[in-house]
A.B. asks: 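This structure is in structure tokens; I'll ask about it shortly.
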Amino acid sequence: ARYRRTYSTSMNPKYSVDEVLPIVLVRNPYGWMKSMCRNPYTASWEGRSNSKTCPKLKKGNNQWNEVNVKFGPGQTHHKSLGHLFNDWYG
């Protein structure tokens, strides 16, 4: 609260701090995971093609269902689809 009303910009001085409404959008993690099941893009994980059980965060042996994602020449590894969501949006 100590920084309240101290933010300003010289780029557009015609608007004051009192005339601006900041908006934050938060994705629903479960909806995002269901969407990834339908369109996984470059992500791959075990069971992604089974629409009844996807998203399956853990395997039958209680281990995380790992997700691999290709980005350009490299690849990232995540413990599960939930972990990918957290890494991407967190």
Side-chain angles (χ1 to χ4, degrees):
R2 70 179 186 192
Y3 293 110
R4 188 174 202 172
R5 300 186 185 273
T6 60
Y7 295 109
S8 63
T9 178
S10 60
M11 294 173 59
N12 197 349
K14 76 177 194 179
Y15 296 111
S16 71
V17 174
D18 295 326
E19 298 173 313
V20 177
L21 175 66
I23 298 175
V24 177
L25 297 175
V26 179
R27 291 280 320 239
N28 172 6
Y30 186 73
W32 180 84
M33 286 187 271
K34 290 299 278 185
S35 174
M36 284 295 289
C37 291
R38 290 188 301 273
N39 290 316
Y41 303 100
T42 62
S44 61
W45 66 91
E46 186 178 315
R48 73 175 185 213
S49 59
N50 187 343
S51 62
K52 291 183 180 182
T53 60
C54 192
K56 189 175 184 180
L57 301 180
K58 287 201 167 187
K59 299 178 184 179
N61 59 2
N62 207 26
Q63 297 291 320
W64 290 111
N65 194 9
E66 294 183 357
V67 178
N68 297 313
V69 185
K70 294 179 185 174
F71 289 112
Q75 191 173 44
T76 60
H77 307 281
H78 308 273
K79 288 183 181 179
S80 71
L81 200 54
H83 288 88
L84 170 60
F85 177 87
N86 193 40
D87 294 343
W88 186 260
Y89 289 102

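Values below: all heavy atoms of this structure, side chains included; hydrogens, waters and symmetry mates excluded.
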A.B. asks: Taking the side chain as every heavy atom from C-beta outward, state whether Val69 and His78 have any atom pair closer than 4.5 Å.
C.D. replies: yes

A.B. asks: How many angstroms lie between CE in Met36 and CZ in Arg48, if you round to the nearest 0.5 Å?
C.D. replies: 9.0 Å

A.B. asks: Run the side chain to side chain contact (heavy atoms under 4.5 Å, CB included) test against Asn50 and tell me which residues pass, sequence neighbours left out.
C.D. replies: Lys52, Thr53

A.B. asks: Please round to the nearest 0.5 Å and tell me the distance separating atom NZ of Lys34 and atom CG of Leu81.
C.D. replies: 10.5 Å

A.B. asks: A quick test of your reading: do over 12 heavy atoms of other residues, nucleotides or ligands sit less than 6.0 Å from NZ of Lys70?
C.D. replies: no

A.B. asks: State, yes or no, whether a side-chain contact exists between Pro55 and Trp45 at a heavy-atom distance under 4.5 Å.
C.D. replies: no

A.B. asks: Which word best sums up how the rings of Phe71 and Trp88 line up, parallel for under 30°, tilted for 30 to 60°, or perpendicular for over 60°?
C.D. replies: parallel

A.B. asks: Show me the side-chain donor-acceptor pairs of residues 22-32 shorter than 3.5 Å, one per line, residues at least two apart or across chains.
C.D. replies:
| from | atom 1 | to | atom 2 | distance (Å) |
| --- | --- | --- | --- | --- |
| Asn28 | OD1 | Tyr30 | N | 3.2 |

A.B. asks: Which heavy atom in Asn65 sits nearest to a heavy atom in Lys56, and how many Å separate them?
C.D. replies: ND2-O, 3.0 Å

A.B. asks: Tell me if the OH atom of Tyr41 is crowded by more than 12 foreign heavy atoms within 6.0 Å.
C.D. replies: no

A.B. asks: Quick check against the 3.5 Å criterion: does Asn68 have a side-chain atom that pairs as donor or acceptor with the backbone of Ser44?
C.D. replies: no

A.B. asks: Once you round to the nearest 0.5 Å, how far does SG of Cys54 lie from CE of Met33?
C.D. replies: 9.5 Å

A.B. asks: What closest approach, in Å, do Val67 and Ala43 show between heavy atoms, and which atom pair accounts for it?
C.D. replies: CG1-CB, 4.2 Å

